[in-house]
Amino acid sequence: KAGVTQTPRYLIKTRGQQVTLSCSPISGHRSVSWYQQTPGQGLQFLFEYFSETQRNKGNFPGRFSGRQFSNSRSEMNVSTLELGDSALYLCASSEGQGPQETQYFGPGTRLLVL
Amino acid sequence: AQSVTQLGSHVSVSEGALVLLRCNYSSSVPPYLFWYVQYPNQGLQLLLKYTTGATLVKGINGFEAEFKKSETSFHLTKPSAHMSDAAEYFCAVTPSGYSTLTFGKGTMLLVSP
């Protein structure tokens with residue numbers, strides 16, 4: 001099976017702009033989670049979608065949002081970008097059957113906000 | 001709230017030496033525990049996980065970890081380091097009922113010849 005894919009891999013934006021990142025999960029996986037990775041804060045959970053519904057949400061401002069489509073592909077959107085949003089955004093997929101499952105990560109999208 | 005502490009942001013070993021990366025967790029209920037590895041410019045790859053059953057868990061690339069409930073620890077070991085093991089290692093936990101991974105800050109493993 002193909003792994004988790006994320007597009008684009010690299011992105012440069014300026015403050016105030018918005019950005020949309022895309023994630024395609026492993027075939028058959030219905031859960032998609034998003035994580036932000038920065039040198040200062042490490043890996044932090046953003047949100048999880050399962051069967052098009054947001055199931056869990058991390059402690060991020062409302063500028064961060066996401067959605068999941070019927071084919072399990074997911075997008076996350078960040079509006080009104082700030083310098084501190086520069087990070088590696090990782091998407092992970094699983095079958096969605098519980099916390100004991102392995103989450104499979106994509107290569108990430110590296111976002112630079114200038 | 002659950003948390004994970006990884007002792008040492010950097011660990012240096014010589015090729016062929018024992019690798020020991022430390023992870024302690026805080027949890028009011030037995031958690032599920034994971035070790036992931038991240039190579040430069042890549043995502044995370046699962047090394048091993050503990051869910052239930054045997055407390056000594058074997059993973060890929062010769063790594064293993066032991067779940068010790070009394071010490072709330074899940075340390076990662078490998079008997080003999082290889083140059084290709086140089087990477088960043090993350091310990092993570094999921095609380096019962098949720099699929100959210102809570103990660104430690106990570107430990108960068110440096111392997112010298």
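Throughout, a chain's letter reflects where its sequence line sits, starting with A, and its residues are numbered from 1. Quick note: numbers below take in every heavy atom, side chains included, and nothing from hydrogens, waters or symmetry partners. Quick caveat: nothing in here was measured; it's all calculated off a predicted structure.
For A:E48, the part lying near chain B is the side chain, with the backbone staying farther off; criterion is any non-hydrogen pair under 4.5 Å.
Both A:V113 and A:L46 sit in one connected hydrophobic cluster of ILVMFWY residues. Membership requires side-chain heavy atoms under 4.5 Å apart, directly or through other members. If you chain together hydrophobic residues whose side chains sit under 4.5 Å apart, B:V4 and B:L21 fall into the same group. Residues A:V78 and A:V32 are members of one and the same hydrophobic cluster, defined by side-chain heavy-atom contacts under 4.5 angstrom among Ile, Leu, Val, Met, Phe, Trp and Tyr. The hydrophobic clustering, which links ILVMFWY residues whose side-chain heavy atoms are closer than 4.5 Å, places A:F45 and A:Y49 apart.
Between A:F47 and B:T100, every side-chain heavy-atom pair lies at or beyond the 4.5 Å cut-off. Here the side chains of A:T102 and B:K49 are in contact, with some heavy-atom distance below 4.5 Å. The closest side-chain heavy-atom distance from B:Q38 to A:Q37 is below 4.5 Å.
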### Task
Test B:Y36 against A:F105 for ring-ring contact (aromatic ring centres under 6.0 Å, His included), laying out the working first.
CA-CA 10 Å; B:Y36 281 88; A:F105 284 80; 5.3 Å; yes
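For B:K58, the NZ atom counts as loosely surrounded, since its 6.0 Å shell holds 12 or fewer non-hydrogen atoms of other residues, nucleotides or ligands. Atom CG of A:N71 sits in a crowded spot, with more than 12 heavy atoms from other residues, nucleotides or ligands closer than 6.0 Å. Under a cut-off of 6.0 angstrom, the local environment of OH in A:Y104 is sparse, with at most 12 non-hydrogen atoms contributed by other residues, nucleotides or ligands.
Side-chain N or O atoms of A:Y35 include one that pairs as donor or acceptor with a backbone N or O of B:L101 at under 3.5 Å. With hydrogens and angles ignored, the 3.5 Å screen pairs no side-chain donor or acceptor of B:K105 with any backbone N or O of A:L43.
Put simply, CD on A:Q103 and OG1 on B:T94 are 8.0 Å apart, with the number rounded to the nearest 0.5 Å. The distance from the CZ atom of A:R9 to the CG atom of B:N41 is 7.5 Å, given to the nearest 0.5 Å. The structure places OG1 of B:T52 at 8.5 Å from CD of A:Q100, a figure rounded to the nearest 0.5 Å.
Evaluation of the side chain to side chain donor-acceptor pair (under 3.5 Å) test over residues 80-92 of chain A, restricted to residues two or more places apart or in two chains, returns A:Q36-A:Y89, A:R63-A:D85.
Closest approach of B:Y32 to A:P99, counting heavy atoms only: CE1-CG, 3.5 Å.
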